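All remarks here apply to the structure that follows.
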Number of protein chains: 2
Amino acid sequence: MNLKQATEIGKCLSNQTRFQILEWLKEPEKNFPPHETLKHFNDGVCVTYIQEKAGLSQSTISTYLTNMEKCGLLISTRHGKWSYLKRNEETIKQFTDFLI
Amino acid sequence: MNLKQATEIGKCLSNQTRFQILEWLKEPEKNFPPHETLKHFNDGVCVTYIQEKAGLSQSTISTYLTNMEKCGLLISTRHGKWSYLKRNEETIKQFTDFLI
DNA sequence: TTAATATATCGCAATTTATAGATATGTTTG
DNA sequence: CAAACATATCTATAAATTGCGATATATTAA
């Protein structure tokens with residue numbers, strides 16, 4: 001982790017909705033309904049569920065999630081027409097180590 | 001630590017200069033010249049030294065430091081006409097615990 | 001192949017942030 | 001008290017971010 005990447009992560013954490021999404025994704029089973037096709041949360045939560053829970057527009061949430069993936073906070077996995085998002089614990093740990 | 005406070009901290013960490021200051025303050029002896037009046041860094045580093053090292057205007061740095069103190073990242077101590085800034089390790093720890 | 005569904009990207013207006021210069025406040029020193 | 005110094009605050013402008021609707025792309029279903 002270097003200063004530039006850490007600052008990119010900081011930018012994602014500077015918005016309450018984005019930060020909240022990261023918190024929700026700590027416990028997908030608790031915060032989101034189960035997926036109909038996948039019977040588990042192994043790859044995280046689909047965009048639509050996150051969008052509905054956040055209450056912002058589809059385009060806004062999609063952009064947020066893309067940014068959060070780019071800076072390393074999230075891992076995105078495609079299954080058919082769905083994208084599933086989960087926390088990238090490794091990068092998050094590197095970020096907190098850098099900060100402390 | 002709650003979502004609102006964490007996001008305020010995120011805002012401070014969304015700017016490279018502010019993040020850099022926090023990193024510099026990990027090792028004041030290494031990153032700053034010694035103070036003439038105080039022979040130690042117990043209360044941190046004065047505003048002028050931080051401003052000179054950052055290379056931005058006095059007003060900008062003063063605003064940054066004020067914000068960083070307000071959100072809990074820094075602790076400010078006055079000694080006469082100088083303000084000394086140091087990291088608030090307790091809040092930083094609370095922030096990283098909240099994130100992980 | 002067409003329609004429906006899920007997600008991504010584009011373009012835009014509104015809001016927020018970045019940063020500086022000017023000025024104000026507070027402290028020390030002559 | 002006046003001058004000098006350190007820091008804080010105010011005001012203004014440029015730049016970046018927010019968040020949306022429209023549209024594009026990709027995948028599945030009919």
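Please read these numbers as outputs of a predicted model, since none were measured by experiment. Lettering follows sequence order; numbering is per chain, from 1.
Nucleotides of DNA chain C that come within less than 4.0 Å of any heavy atom of chain A span, from the 5' end to the 3' end, C:dT5 to C:dT9.
Residues B:Glu90 and B:Lys93 are not paired through a salt bridge, judged by the lack of any N-O separation under 4.0 Å between the basic side chain and the carboxylate.
Rounded to whole angstrom, the span from the OH atom of A:Tyr64 across to the C1' atom of D:dC20 amounts to 11 Å. Rounded to whole Å, atom P of D:dT7 lies 16 Å from atom CE of B:Met68. A:Leu65 places its CG atom 13 Å from the P atom of D:dT18, with the value rounded to the nearest Å. Atom C1' of nucleotide D:dT27 and atom CZ of A:Arg78 are separated by 7 Å, given to the nearest angstrom. Between A:Asn67 atom CG and D:dA16 atom C1' there is a gap of 13 Å when expressed in whole angstrom units. The CD1-P distance, from A:Ile61 to D:dT18, rounds to 12 Å in whole Å. With rounding to whole Å, A:Ile21 atom CD1 is found 13 Å from D:dG19 atom C1'. At whole-Å resolution of the value, NZ in A:Lys11 and P in D:dA15 are 15 Å apart.
Comparing atom distances between the B:Lys81 side chain and each of D:dA8, D:dA6, D:dC20 picks out D:dA6 as nearest. The nucleotide whose nearest atom lies closest to any side-chain atom of B:Val47 is, among D:dC20, D:dT7, D:dT17, D:dT7. Of the candidates D:dA22, D:dT18, D:dT7, D:dT18 carries the atom nearest the A:Arg18 side chain, counting heavy atoms from C-beta on.
Taking the ring centre of A:Phe98 as origin, the terminal cationic atom of B:Lys26 falls inside the region bounded by 6.0 Å and 45° from the ring axis.
Not one side-chain nitrogen or oxygen of B:Thr63 sits closer than 4.0 Å to the OP1 or OP2 atom of D:dA8. Not one side-chain nitrogen or oxygen of A:Asn15 sits closer than 4.0 Å to the OP1 or OP2 atom of D:dT17.
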**Request:** Output, in order, the C-alpha distance, side-chain angles, deciding distance and verdict of side-chain hydrogen bond (donor to acceptor under 3.5 Å, both in side chains) for A:Tyr64 and A:Asn15.
**Result:** CA-CA 10 Å; A:Tyr64 281 3; A:Asn15 173 289; 3.3 Å; yes
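Nearest-nucleotide positions on DNA chain C for B:His79 and A:Ser83 put A:Ser83 closer to the 5' end. Two residues, B:Gln58 and A:Ser59, neighbour DNA chain D, and the one matched to the more 5' nucleotide by heavy-atom proximity is B:Gln58. Comparing A:Leu56 and B:Lys70 by the nucleotide of DNA chain D whose heavy atom lies nearest to each, the residue mapping closer to the 5' end is B:Lys70.
Remark: the backbone N or O of A:Ser62 is paired with a side-chain donor or acceptor of A:Thr66 at under 3.5 angstrom. Remark: the backbone N or O of B:Leu56 is not paired with any side-chain donor or acceptor of B:Thr60 at under 3.5 angstrom. At distances below 3.5 Å, not a single donor-acceptor pair connects side-chain atoms of B:Thr7 with backbone N or O atoms of B:Gly10.
In this structure, the side chains of B:Glu8 and B:Cys12 stay at 4.5 Å or more apart for every pair of heavy atoms.
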